[in-house]
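By convention in this document, chain letters (A, B, ...) are assigned in the order of the sequence lines, proteins followed by strands, and residues within each chain are numbered from 1.
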Amino acid sequence: MLGKALIILGLLAVTDAAHARPVSYAGGWTVMEETDRGASAAIIHYSPSAFYSVGVKADWDRRNDLLFTGGQLTWLAKRWFGEDYQANLYIWGAAGIAKGIDDNPGEEQLAGQIGVMADWETRRWFLGYRAAGRDYGSLDASAFHAAKVGVAPYIGDTGDLHTWLMVEVDQRPELRDTVGVTPMIRFFKGEALLEAGWSLTDDQPLLNFQYRF
Amino acid sequence: MIRTLLTISLFALAAPAFAQDNTAHNSSTSYGSGSHFGDQGADHAGHDHKADDHASHTMVSDLALTRTPEIDAALAAGGEPVVVKVLGAVCDFCATAMNKTFGRRDDVSAVHVDLDAKTLNLVLIPGAEMDDKRLRKLVKKSGYKADDIARGAALSQR
């Protein structure tokens, strides 16, 4: 089943980094909370180098009442530098335990997740893409992908409050509304990032938070 | 929905051209944390400065030292200024990474990343040395890439 997920990811291929950088500077920690129209997740990462991070995560699939807990490894496979832009390609994988919660009687299963993220950004424009798949044994196997585009209405300097207006479009083949559209606003200041939005497709909130230290 | 996706794709394709144009000509920023002197009214690093800009840059070649109270205090204490052109520094997380990496070093007395000028500005403690190879390695450790490097007393006196 994981093989299927890998094939799906390969077909989805690569281009953008939707949620902000999961790999920090050497010695840096990152705390992330992500809530979209289908799931909520909490992740804490430590970056031994600027090219990979290790962390733990809890991922709650609210639609299917599934909870995944495990460890995650994220690798910055490639970073492109320019005077006015930066682009990144990340590959990540997580292994742990998945189980049913609330109304789902599913018992604990060994489980895995895998994904790619890519982004290109200047101080004005942002383009991102992410794709991920999971194999929760007999509980679930699925994949999704999402693209995000953003524009900064003004250019802030170091330490200023940075603001981005963004739209994310995601596709989740297992859902009734397979394509979702979520406009959002991103605030970014110093070590903290906050994204707040609303899924026009499902009337569900989006809330992402990230802090580095 | 296909129409929406097509629109986004076209938007994405057009973005790089707009981005380059905006970065090169249209950025005008109100500075909060840094101050830049010496070249008010000049268009350096692709940015027009406002008339009330406190910003202070001291120029050497294409690089300018961005002055902050911490940088000034470190210079007054006799430290050596160093300015590094950094590629890929486009957001506050980039600045944070370099501020943390250099700020915790004993041989650095002040550090400031200027996103507008795309520079890492350091003042070493008096008597400390950090060669270019070491500087580039530390910038890489932060996750970025060092381009040109300028240093020395002349940097802060021009």
Validate the cation-pi geometry between A:R134 and A:F68: distance from NZ or CZ to the six-membered ring centre under 6.0 Å, angle to the ring axis within 45°. no

Is there a side-chain contact between A:F213 and A:E191 in this structure, where contact means two heavy atoms from C-beta onward sitting under 4.5 Å apart? no

Do we see a donor-acceptor contact under 3.5 Å between the side chains of A:N208 and A:Q210? no

Please work out whether the ring planes of B:Y144 and A:F81 are parallel, tilted or perpendicular, with thresholds of 30° and 60°. perpendicular

Pairwise side-chain contact, B:M98 with B:V111, heavy-atom cut-off 4.5 Å (strictly under): no

Can you pull out the residues in residues 45-53 of chain A with any heavy atom less than 4.5 Å from chain B? A:A50, A:F51

State, with a plain yes or no, whether a side-chain heavy atom of A:R37 is found less than 4.5 Å away from one of A:E168. no

Is the shortest side-chain N to carboxylate O distance from A:D119 to A:K148 below 4.0 Å? no

Suppose a student defines contact as a heavy atom less than 4.5 Å from any heavy atom of chain B. Which residues in residues 55-63 of chain A would they list? none

Top residue by heavy-atom pair count (under 4.5 Å) with chain A, among B:T101, B:D92, B:N99? B:D92

For A:A152, is it the side chain, the backbone, both, or neither that has a heavy atom closer than 4.5 Å to a heavy atom of chain B? neither

Could you tell me whether the side chain of B:L122 reaches within less than 4.5 Å of the side chain of B:R105, counting heavy atoms only? no

Validation row: A:Y85, A:W125 side chains within 4.5 angstrom (heavy atoms): no

Side-chain touch B:L135/B:R151, heavy atoms, less than 4.5 angstrom: yes

